[in-house]
Chemist: 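First the structure, then my questions, so here it is.
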Amino acid sequence: AMARVEGAIVGAGTVITSQDVHRAQAAGARFAVSPGLTDTLADACEDCALPLLPGAATASEAMQAVEAGFDTLKFFPAGPAGGPAYLKALAGPLPGIRFCPTGGVSAANAPEYLALPIVLCVGGSWIAPEAEPKLASRPTRGSRTSSSPVRTSAATSAATPSRAGSASESRSFVPFPITEIGCAKTK
């Protein structure tokens with residue numbers, strides 16, 4: 001339904017299996033977001049030409065994602081994994097990776113994340129809360145139902161970043177302000 005909203009670029013969140021990839025694409029998703037990364041998930045997204053923002057919570061997971069061709073990652077769960085201080089610590093040894101923290105990010109702490117040079121955007125359900133029950137029949141940005149296996153995803157950034165990895169073969173996610181969410185594969 002959200003894919004039919006004029007001007008909306010809809011992505012599917014919590015995509016963890018190849019079946020989720022196919023359901024997301026069939027529902028009109030233009031990109032997928034996952035809490036982690038597996039070869040099967042990356043291959044399914046590649047086969048469907050569905051850009052993927054994979055998740056990582058450790059330096060090793062981030063390094064594995066880089067080996068798989070990704071240079072922009074979801075940092076999940078951001079709060080429990082160590083928050084802005086942890087991301088700041090990753091910046092030294094992993095300078096080529098950019099992150100979109102989610103999970104434990106709020107309107108109150110988003111500026112602390114966005115101040116970090118390795119953070120392109122932040123995301124979470126707080127950006128686009130579920131519609132009030134009386135408005136449930138009206139489409140709203142980021143609205144979702146608990147019975148749906150694929151959820152919409154929202155991200156917000158301090159400024160619109162340029163595309164990452166243009167000179168090298170890589171898969172990347174390009175976040176935009178909440179009014180325009182998108183991603184691109186630069187391979």
Chemist: I'd like to know if the side chain of Asp43 reaches the main chain of Thr40, judged simply by a donor and an acceptor atom lying under 3.5 Å from each other, with no hydrogens or angles considered.
Modeler: no

Chemist: Which pairs, with at least one residue in residues 75-105 and sequence neighbours excluded, count as a ring-ring contact (aromatic ring centres under 6.0 Å, His included)?
Modeler: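 Sorted result for residues 75-105: Phe75-Tyr86.
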
Chemist: Side chain of Ser34, backbone of Val15: donor and acceptor closer than 3.5 Å?
Modeler: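 Yes.
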
Chemist: What residues, two or more places apart in sequence or in another chain, satisfy side-chain hydrogen bond (donor to acceptor under 3.5 Å, both in side chains) together with Asp47?
Modeler: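 By the side-chain hydrogen bond (donor to acceptor under 3.5 Å, both in side chains) rule, Asp47 matches no residue at all.
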
Chemist: First locate atom CG of Leu41, then atom CD of Glu46, and finally report the distance between them rounded to the nearest 0.5 Å.
Modeler: 11.5 Å

Chemist: Report the residues that fulfil side-chain hydrogen bond (donor to acceptor under 3.5 Å, both in side chains) with Thr38, sequence neighbours left out, ordered by chain and then residue number.
Modeler: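 With sequence neighbours excluded, Thr38 shows a side-chain hydrogen bond (donor to acceptor under 3.5 Å, both in side chains) to no residue whatsoever.
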
Chemist: So do the side chains of Leu116 and Pro84 get within less than 4.5 Å of each other, counting heavy atoms only?
Modeler: yes

Chemist: Just jot down the side chain to side chain contact (heavy atoms under 4.5 Å, CB included) partners of Ala65, sequence neighbours excluded, or say none.
Modeler: Leu37, Phe70, Leu73

Chemist: Can a donor-acceptor pair be found, under 3.5 Å and without considering hydrogens, that links the side chain of Trp126 to the backbone of Ala107?
Modeler: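 Checked: no pair found.
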
Chemist: Indicate the atoms forming the closest heavy-atom contact of Ile127 with Gly123, along with that distance.
Modeler: CD1-CA, 3.7 Å

Chemist: Pro111 and Ala108: which non-hydrogen atoms are nearest, and at how many Å?
Modeler: CD-O, 3.7 Å

Chemist: Could you work out, with side chain to side chain contact (heavy atoms under 4.5 Å, CB included) as the rule, every residue matching Ala59, not counting sequence neighbours?
Modeler: Leu90, Leu94

Chemist: Among Asp71, Ile118, Val66, which residue meets the side-chain contact (heavy atoms from CB on, under 4.5 Å) test with Ile97?
Modeler: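 The option that passes is Val66.
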
Chemist: Shortest non-hydrogen contact from Cys121 to Pro101?
Modeler: O-CD, 2.9 Å

Chemist: What is the distance from atom CD of Gln25 to atom CZ of Arg30, rounded to the nearest 0.5 Å?
Modeler: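 Answer for the CD-CZ pair, Gln25 versus Arg30, is 12.0 Å.
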
Chemist: Return the CG to CZ distance between Leu53 and Arg98, rounded to the nearest 0.5 Å.
Modeler: 14.0 Å

Chemist: Donor-acceptor check, side chain of Asp20 to backbone of Ile16, threshold 3.5 angstrom: yes or no?
Modeler: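 Flag set: sc Asp20 to bb Ile16 pair under 3.5 Å.
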
Chemist: For Glu112, does the CD atom have more than 12 heavy-atom neighbours from other residues, nucleotides or ligands under 6.0 Å away?
Modeler: no

Chemist: State the SG-CG distance between Cys45 and Leu50, to the nearest 0.5 angstrom.
Modeler: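 Cys45 SG to Leu50 CG: 5.0 Å, rounded to 0.5 Å.
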
Chemist: Compare every heavy atom of Val119 with every heavy atom of Val122, then report the nearest pair and how far apart it is.
Modeler: CG1-CG1, 4.3 Å

Chemist: Could you tell me which non-hydrogen atom of Lys74 sits nearest to which non-hydrogen atom of Val33, and how far apart they are?
Modeler: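 That closest heavy-atom pairing would be CD-CG1, 3.5 Å.
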
Chemist: To check you understand the geometry: which heavy-atom pair defines the closest contact between Val21 and Ala44, and what is its length?
Modeler: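 Closest heavy-atom pair between Val21 and Ala44: CG1-O, 3.8 Å.
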
